[in-house]
Structure formats: C-alpha cells, structure tokens
Amino acid sequence: MARYNPKEIEPKWRQRWDDEKAFLTSADRARPKYYVLEMFPYPSGRIHLGHVRNYAMGDVIARFKRARGFNVLHPMGWDAFGLPAENAAMQTGSHPRDWTYANIEAMRRELKQIGLAIDWSREFATCDVGYYRWQQKLFLDFWQAGLVERRESYVNWDPVDRTVLANEQVIDGKGWRSGATVERKKLSQWFLKITDKAEDLLAALDDGRLKGWPDNVRLMQRNWIGKSKGAVVRFRFADGTSARANSPSPHPEEQKAPSPFETLRPQGEGAFCVSKDAPDGFRDVEIYTTRPDTLFGASFIAVAPDHPLAQGFAKTDAKAAAFIAECQKTGTSQEAIDKAEKKGFRLPLNAEHPFIDGRALPVYIANFILMGYGTGAIFGCPAHDARDLDFARKYGLAVIPVVLPPGEDAASFAIGDEPYLGPGTLYNSEFLDGLSVDDAIDAAVRKIESMGAGRAATQFRLRDWGVSRQRYWGCPIPAIHCEKCGVVPVPEKDLPIILPEVPASAFRTPGNPLDRMPEWRNVPCPECRGHAERETDTFDTFVDSSWYFARFAAAREDRPLDRADADYWLPVDQYIGGVEHAILHLLYARFFIRGMKDTGHLSVEEPFANLFTQGMVTHATYRDDEGQWLLPEDVIVEAGKATRADTGEAVTIGPIEKMSKSKKNVVSPDEIVSKYGADAIRWFILSDSPPERDVEWTDAGCNGAWKLVARIWETVEPAKGALMKAHDLSRAPADADIELRRATHGAIAAVTEDIENFRFNKAIARIYEFLTAIRKAAGVSSLSLQGASPQEPRSLNRPPHPDPLPPKTGGEGEGTWALPEALSALVRLIAPFTPHLAEECWETLGGEGLVCNAPWPEADPALLQKETLILPVQVNGKRRGEISVAASAETRAIESAALSEAGVKRHIEGLTVRKIVVVPGRIVNIVAS
RNA sequence: GCGGGCGUGGCGGAACCGGUAGACGCAACGGACUUAAAAUCCGUUGAGGGCAACCUCGUGCGGGUUCAAGUCCCGCCGCCCGCACCA
C-alpha cells in the first residue's frame, strides 16, 4: 500500500475545489444562512501559527455548517492600512502600497495552502480604493447624521517624527521609535460620537442581544463604557475667605465662630454671591458625585489641574502654576500613578456647603482629580472614600462619618485607616438621618434639585473616538478647510478622495507626506470656490475594520452596501478572533453598525451574534550562553536538554510564551506544511487544548497528528470502493457489526455536539476512539479489510450482546455491513478538520461527488441507547463492584442484583443495610453500618 | 486596589445538572518486526502495598453540606487575565 503523501494529494484537492468553485457562496436563499468570519489579518508579510489556528477554527465551522445544509458565507480580506507599511517604506525605500500588496500576495498563497473553504471571490483589502471610497461616503453620512465632531483634544505628539502617537506607542514618556520625549499637544481632531450610543451599547450587553458573546468580553465592555449614576452639585464660593488661604482648613467644629458667609446664603432664586478671590467669572464650581448621600461628610472641594478654575488661578498665581506644572510632569504610567502621593494646592477660596449653613469647605487643586471624568471636580468625603481619606489625613482635614455600618454604635464608631464603603444607616446628616444609603441618595438628589443646586446625572467613562491620524497610509478623511466657510464636507460627487502618489523617498522625512503636497492639498472650497485646503489626516485603521464584514456580505460597485444582501447575511453568525480585540475593535464595530443603521445602510442592530475568542499559540523559548534568542529550528531538544544544531553548545530552555519575532520562538507554517501537510497542522492545532485556551506548539505533537492522518489512510485504503458495493443482506449481522454500528452512531452524535459547542479537542478525542473501534472491528467484520492487523482483536472476546438490534435495510451501506457505514461516517466526520485527507478517502471509498458537498452524517437515536447498563455499586460511597442490568430493569431488581454482587457482599458482611440509593442509569450506593 | 477566571498524573487536557476521577493525545517504559536503526504494530503507565484476588491514599490547603464532592458552601494559599486615582 502506498504511503499517504500529502505533498501530492493536498494540492490536487485544492485544485479540484477551485475548478469546481466549491466554496463560491451561492445565492440560494431557500436554505438558512450562516455567516462565519475570522478577524481578517494585517498583511505583515507572513502567516503565523496564530493565524492558522484562527482560520482553522473558522474553517471547521464553515465546513460543518455547509454539510448541515446551511448557505455559508466564509470570506477573507486584508486589514491593509497602517503604520508598519510606512515604517517599511522608511527602512527599505519601498512604497507602502507596493510593500502591502506584495505581502498580501505572499500571505494569500500561504493561506491557500491551509485548504480553507473560503469564497475568495469576495476578497478585498481595505487599502483598495473600491473599499475606502465607500468608507468616505459612510463618514459623510455619519457627519450629516450628527455622529461626527471636530474638536480640540490632547494627543501624544512626537516632536521628532512630527506625528501623533497612540498611547501604546509611548514608552516611559518617549516615542517608541524616535526616543524623543513625547509632548502633550492640543490638536483639532476628528471624533466619532460613540458616546451618543453609550446607553445602547451598554444595554445590549445585558438584554440578550449579545447572549452569544463570552461573559468576560461583555464584562470588559461594560467596564469600559463605565456607566455611573449620581449627581452634579454646584458649590458656591464664599466671600472673604482668602485670609486663611494657605493654612489647612480647621476642623469644622472650630469654625463655629461668626461665619462670614452665613449672611451670604442666597435670598432666593438668582441670588449669587461672587467671591472676590476667584478669577473673573467663577462664582461656583460644579462637582460630580455618585454618593450624594455622603454630602454631610464633605470636608473639602478639589479640582483637576486642567480645570478652568485652576487654570484661572495659574494666570496670576505663580505658585499655583508651578503646582499644576508639577502635576502634569507625573507620568501617566500605571506605576507612576500607583506611587504618586496625593497632593493638593490650597486655593484662596472656600465653598459653601449646600445643606449646612456656615460650613466652609476649602478648595484645592489636587493631582488625583481627572479633568476628563465627570466635571473635573469633586467634593471630598474622607470617611467614605479611600482617596479622600488619604488626602484629608495629609492635610489635616475633618473626617466625618455619615454612614453607620450595621451593628455599630453611633457614639463609638470612628474611621481609622480605612474608609467605610459599605451599606449602612445615615447619621450626622440632618434630614437624611436614619435612611439607607440608597434611599439617602434619592433623598439628597431630590433636595439638591429642589434647591436648584444641582441635578441627577449619569456619567460614562467611555470617550468619543478620535479617528484622526497624521499619516499617509490610511483612508483620507473627506473634508476641506476653507478660510471663509470653515470645515466643509467633500461633496459626494467628488468622491473618492484618492491617496495621491508620493515617491517612496517621501517617507524618510518625518511627518505626514500629505502635508507637503500642495498640488493635492490646495483645492477650491466646494461652497464659496475660494481658496481652501484638504484635510490631510487619515482615518484610524480601526475605522477600516469597523464595517468590512458588512462589505464582504453585500459589496456593490456603486454603493457601500446592498441593503437586501446586508440584511440577509448580517449579523455575522460566528465571529472568531483574539481576545485582545475585546474592547476596541468589537466596540467600534458595534458603534459603526448603529451609525450605519441610522443612516439607512442596513437594518441589523448588532454586527456579531456569536463571538468566540481563541487562545494563542505558544512555544518554548531558547537562548544561548550569551543570552541571544534562538529559533526552534536551530535547536535540538533531546531528553529535556537542548543544544545548538550547528555547534552542539548547550542551550537554555526558557518559559513557554506566545510566539513572537522578538523571542524567536516562531515556527513557520510554510515549513510545517511541507514537512507534514496542511491536514496534520490543522489537526494538531485544534486537538490538544480547548480552543479558548493557549496551545503549545510542539513538533512531537504535530508528528502525532501526522501519524493519525497516515493511520486513517491505512484504515480506509483497503476498503476501496466499499461505498459502491452491493451488500449481502441475507447474512445475519455479527455481534461485532452491532458493536461497530453503536460506535459509529455514538461518534456521530458526540462529534456533532462537540463541534456545535466549539469543543474541537473533544471532537478529536472522539474521532480517535472511533478510529480505534473501526480498526478493531475491521479484523473480523463481515467486510474485512485486506492487510488489516492479523491478530484477533481482544474486544471481540466479550460475551454476545443479549439483544442485538435487527439490521436495517436500505441505502448507502446502512445497517447491513457495519464497516462501510462506519468508514463513510468517519470520513465525513474528519472532513472539517482534515479536508484533503477526507476527499482522498471519500474518492477511494467510492463516495459520490466531493466530500465537502456531502451531507453531515445523522446519528440514529435507536443506536445510542443501550439495552444493558453496567452500573457501579458503592458501599458507603466507595466503589466495590459493578453489575450488569437491563436498561429497563426496575429499582427493586437493581437493588437485589447489587446486594448479591460478590464484592458488595464482602463489604456489607456483618453490617446492617440502612438505605439503598439507586440513581437510574448511573450508580447504586448501599449505605450500611 | 477593583473586577473576572483558574488550580486534576511526567505534560496538554477529559469528567453532562453532585453519581465509576484521569477519556483522548503527547512523553516514558516493555515487547513484536529488523543484521541494525527509523517507521509501524501490540502492551504498560496517578501514588503506595500485595504472588494474586484485592486493599489504602489521591483533583492547591483547611473546614462544612450530602447516601455520594474535582463539581456545592465557608475560610486560606497560589497563578492568570482585564481595568486602574473614574469621584
């Protein structure tokens, strides 16, 4: 028998699939649709094993759903704009476009080797004009719908490269490439108003619209959106407080003395007190709080260094300015924030407590207040907030508990080193006394509102999405800046705004080449025809990936989407990708779909009905004595010791980590394909670990997968033509046939369920078991395999089955001879995992057509039920034997069988049986003492 | 710090809703084939004891609930992930 040779067989079948257009999506709307999609790759140059795992999973689902009769859409494309192309241009002098398209060519070739059931006719790259022109159109629509805003915001600015950096690109305050100290710079930026959709983005996480998403991703999005409910409260500034400006505020009790601001209580609506000390125009400060119930515990007010009030003081007060500058120097890294001490700068200003006449609250600029959240100002309640407590202890401010924990005594309860954050009863709080925290929050808000001092408010952590990038290699933002008319949208008839040609050398100069192209940049204003300039920013590449899945489903040359097609295919039924996209990409796409719905492009509410986040591919790391990383292919590992392949020197084996170029623990899929074939890779990468967990790539493991491929071929090959032969129906089935049929239908049921539930590792384990069952049966089955193992399989020495099922008659080997049926099922069960091997086997067996078009095997329920059960019997919870009973046996019969079992008898001798627990179909437990 | 998750053989991992712990794979060991090796095939493999039938122990640690706990509850320990001064 010829050994299975994937090098010849695999390309042959890929050619057949191409020739027969096997995976072109049909327009057949009669069948239920199924859209399976893996996150599309960035064309970095090579396919890595992480891609292989991702696409292999999607491919299993796609092939499985096809076999089950779904109209499947399984497309592929390229997330092709982005920074690496410009870096490559800088380093190698090749144009970003050339570099990108060359990479796409190379990666497409590699991907095709994996044997994916993809409709390549729908392929596109986001840098194709045919794609990004419609993105420009969508942007204009969003603009018109009020979802676009242009405003100033702070960015990380690299003064050497003259570009904006993402937070991830700032390392220790320096630009990752230039090494220059990053500046905070205020720039006019384009924003998409994702916060307009915050409520709905949040609501959908919990109302069942995303029930097919993993809990952890939903949780991460919920935290990211970060909704909190509370109140905005206005604190008026008190007059005449500057005398004590720089001394810590005394304890409130000590402040009883004739209060200068007692008389300044508002006399009615509209009466304001104007502090002499506050900068012009500041009469009060609005704070945001989630705990209005603790207002009676307030002992200070603090504002962010960026707060207009602080900035106002800084203009005239050098010390204030110095303090603010100091705060801004503190890094934004987590470590810096952890270590940063709470610091405040006392402004010459007091605020009035809205509820307590005469309580003066000192006002500080504090380094721990963020301008970007709430109003950028807080009231401090040290007794019930950790940060406020730190601050109060440092500056000697009052700590007034107002929530009494259950079971504590009001007279003795005191705050120590920890604030009290839990539930309890309000006290020290006048009209709130005796209320629970929740009731007090409501009561306080009502009071504030009735006083006109504030209002209930909801806050989100989510910020609007800044989409401007000062980059060449991205989708141009279709806007024009006119001196007279301001910012004007590009008229739709002028789309697309095509990226202009630039020489590759342009990328050696820092900054955006588009800024240096007056011939492209200067245009007449679409409104006044006067002088105007194009926007030179391009879109964040996350915009490109926010709607590509819709374009796959419904591309048209003359519009972004065909609505009917989009509504048919969307949402994506199964989306698969890395958990690293749990927030940004998945949130942006959810927002984009909402915007597209608002602007009439489609009707769905959510882009991805089911989401699966797969684990990474890891590998051991290797270093030589000098600490240099070594590629796995340059290392020989034997008996746990590693040596260099070339010199034989010892190599240190490091921890198992995610494959990365920097640590060189990468294995090239290309090489493995040529060594073992695509099927073996696909099999191995899905076999060892559950899909959501990391999988360690090992050569031995892949070799094991290769052995399986060969073993399946050796099992199938001798049964050549088995699906075409007529069977002798007159012969009674052997017991082995019955057993094999049970194994077959058990395997069908189990594998089906496991694939359905994304448990590929278990499905594969079941296939191994099934294969073993076939190989054992093959030796004695009525249709015996030539060349199969000559030994008498041991499992067949079992006692005959008490009640064998009668053989069924009818089509395709079913019921007559167990082996052809088993082989037919086996080949179809492996087809999603090892599609090339399955085709070869299918053809050999004489199956009709291509196996990728064959229907999924159906399990016969009658064969899944057993007539005889083997029940373990426990005595006092310990297993002492097992009994064989008919499935229909009554409890009493089971009990007596259990009691007479030899091992059981031995263990209950001399004891009294107190109770017998019979769990039908499971176990018997005899309680004796 | 806050939120979430996870701890099972030498390794990756199975174990449905509380019901025979360790499926399946890898590695290791023994055997067959071979001049030999590779490949392949057969077998063994949680720990300890026993010639054996079998017995004892065993799912991070300590308690608890239950006829029965890897699974449920309480308290620890360890690891991983996400967020991070969000008022």
Side-chain angles (χ1 to χ4, degrees), chain A residues 3 215-224 226-228 230 287-291 294 302 304 330 332-334 336-338 340 342 366-370 372-381 384-388 390-391 421 459-462 579-580 582-583 639-640 656 683-684 687-690 693-696 698-705 707-708 710-711 714 753 759 761-772 775 789-791 793-794 870-882 902-903 906 914-928:
Chain A
R3 196 151 171 75
D215 289 343
N216 64 331
V217 174
R218 291 212 313 261
L219 182 74
M220 279 159 72
Q221 292 214 349
R222 194 175 304 130
N223 292 339
W224 187 263
K227 181 179 179 173
S228 74
I287 62 92
Y288 173 72
T289 179
T290 56
R291 294 292 303 273
T294 63
T330 318
T332 49
S333 72
Q334 290 126 359
I337 289 165
D338 274 346
K342 305 270 178 293
N367 64 347
F368 64 96
I369 311 300
L370 306 173
Y373 189 80
T375 61
I378 59 143
F379 84 84
C381 177
H384 304 294
D385 182 282
R387 293 153 304 173
D388 295 351
D390 282 354
F391 191 82
L421 306 174
Q459 280 295 323
F460 290 93
R461 209 185 77 103
L462 183 70
V579 74
E580 66 273 18
I583 295 173
I656 294 158
W683 183 265
F684 173 62
S687 67
D688 251 18
S689 295
R693 266 191 244 177
D694 292 351
V695 64
E696 187 195 350
T698 61
D699 222 43
C702 190
N703 192 50
K707 280 197 276 189
L708 173 98
R711 213 178 318 150
E714 282 162 16
E753 202 197 319
R759 293 191 294 239
N761 56 326
K762 285 177 64 186
I764 282 173
R766 292 305 300 245
I767 293 173
Y768 270 108
E769 282 180 300
F770 182 32
L771 180 64
T772 303
R775 286 167 71 89
S789 87
Q791 302 92 322
R794 298 174 97 211
I870 305 217
L871 291 184
V873 183
Q874 296 178 329
V875 176
N876 291 330
K878 284 189 177 155
R879 186 180 181 278
R880 296 303 180 189
E882 57 181 37
R906 208 167 45 239
R914 307 279 175 200
K915 188 175 172 185
I916 303 178
V917 182
V918 177
V919 184
R922 291 253 113 177
I923 203 165
V924 180
N925 191 10
I926 296 166
V927 186

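Because the structure is predicted, anything quoted here is derived from the model rather than measured. Throughout, protein chains are lettered first and strands after them, A, B, ... in sequence-line order, and every chain is numbered starting at 1.
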Heavy-atom contacts, protein to nucleotides 45-60 of chain B, under 4.0 Å, summarised as B (base), S (sugar-phosphate only) or - (none) per nt, yield ---------SSSS---
Scanning both residues in full, the closest heavy-atom pair of A:Phe379 with A:Arg291 reads CZ-O, 3.9 Å
From CE of A:Met220 across to C1' of B:G5 the rounded distance in Å is 12 Å
- Message: Does A:Arg387 form a salt bridge (charged side-chain N to carboxylate O under 4.0 Å, His left out) with A:Asp390? I'd like the steps, not just the answer.
- Response: CA-CA 5 Å; A:Arg387 293 153 304 173; A:Asp390 282 354; over 6 Å; no
Any strand, both distances under 3.5 Å, Watson-Crick or G-U wobble: B:C76 pairs with B:G60
task: May I ask you to say what A:Gln874 touches in the nucleic acid, namely base, sugar-phosphate or nothing, with a heavy-atom cut-off under 4.0 Å?
output: base
Partner of B:A39 under the Watson-Crick or G-U wobble criteria, both distances under 3.5 Å, comes out as none
If you compare every side-chain N and O of A:Arg693 against the phosphate oxygens of B:C6 (OP1, OP2), does one of them come in below 4.0 Å?
no
Heavy atoms of A:Gln221 and A:Ile583 approach each other most closely as NE2-O, 3.8 Å
Same-atom distance (P) from B:G10 to B:G22, integer angstrom
16 Å
When every non-hydrogen atom of A:Leu871 is compared with those of A:Ile923, the smallest separation belongs to CD2-N, 4.0 Å
note: A:Asn925, atom CG; B:G18, atom C1'; distance rounded to Å ~ 13 Å
Any strand, both distances under 3.5 Å, Watson-Crick or G-U wobble: B:A53 pairs with none
Under 3.5 Å between N/O atoms: give me all the protein pairs with nucleotides 2-4 of chain B, atom names plus distance.
none

Heavy atoms of A:Arg461 and A:Asn223 approach each other most closely as NE-O, 3.4 Å
Check your understanding: Do we see a donor-acceptor contact under 3.5 Å between the side chains of A:Ser687 and A:Tyr768?
Key -> no
When rounded to the nearest 0.5 Å, the distance separating CD1 of A:Ile287 from CD1 of A:Ile378 is 8.0 Å
Q.
Suppose you measure atom C1' in B:A32 against the same atom in B:A14; what distance do you get, rounded to whole Å?
A. 31 Å
Using a 4.0 Å heavy-atom cut-off across all strands, classify A:Ile369 as base, sugar-phosphate, or nothing.
base
> Under 4.0 angstrom, heavy atoms only, what part of the nucleic acid is A:Val927 near: base, sugar-phosphate, or nothing?
Replying inline: sugar-phosphate
Atom CD1 of A:Ile656 and atom C1' of B:G10 are separated, to the nearest Å, by 13 Å
A:Asp388 CG to B:A87 P, in whole Å, measures 11 Å
Whole-Å distance, A:Gln221 CD to B:G82 P, equals 15 Å
Any strand, both distances under 3.5 Å, Watson-Crick or G-U wobble: B:C83 pairs with B:G1
In Watson-Crick or G-U wobble terms, with both distances under 3.5 Å, the base opposite B:U44 is B:A28
Relative to its sugar, using the 90° cut-off around 0, the base of B:C11 is anti
Per the O4'-C1'-N9-C4 / O4'-C1'-N1-C2 angle with a 90° window around 0, B:G7 comes out anti
In Watson-Crick or G-U wobble terms, with both distances under 3.5 Å, the base opposite B:U20 is none
C1'-based separation of B:U56 from B:G60 [nearest Å]: 22 Å
Report yes or no: is the cationic atom of A:Lys342 (NZ for Lys, CZ for Arg) closer than 6.0 Å to the six-membered ring centre of A:Phe368, at no more than 45° off its axis? yes
Quick tally for nucleotides 22-27 of chain B: nucleotides whose base has a protein heavy atom under 4.0 Å get B, sugar-phosphate-only ones S, the rest -, giving -BSSSS
### Message
Please report the distance separating the P of B:G9 from the corresponding atom of B:A23, rounded so that it comes out in whole Å.
### Response
13 Å
Side-chain contact check for A:Val917: nearest option of B:A87, B:G19, B:C83 is B:G19
For A:Tyr288 and A:Gly374, the nearest pair of non-hydrogen atoms, with its separation, is CB-CA, 4.0 Å
B:A15 -> Watson-Crick or G-U wobble partner, both distances under 3.5 Å, gives none
A:Arg222 CZ to B:C81 P, in whole Å, measures 22 Å
Checklist entry - B:G43 and B:C57: how far apart are their C1' atoms, nearest whole angstrom? => result 27 Å
Here the distance between atom C1' of B:U66 and atom CG of A:Asn876, to the nearest Å, is 13 Å
(Q) Tell me if a side-chain donor or acceptor on A:Asn876 pairs with a main-chain N or O of A:Ala928 at a distance below 3.5 Å. (A) yes
Quiz item: On a whole-Å scale, what distance lies between the C1' atoms belonging to B:A69 and B:U59?
Solution: 11 Å
A:Arg759 atom CZ is separated from B:G12 atom C1', nearest whole Å, by 18 Å
Check your understanding: Is any side-chain N of the basic residue among A:Glu769 and A:Arg766 closer than 4.0 Å to the acidic one's carboxylate O?
Key -> yes
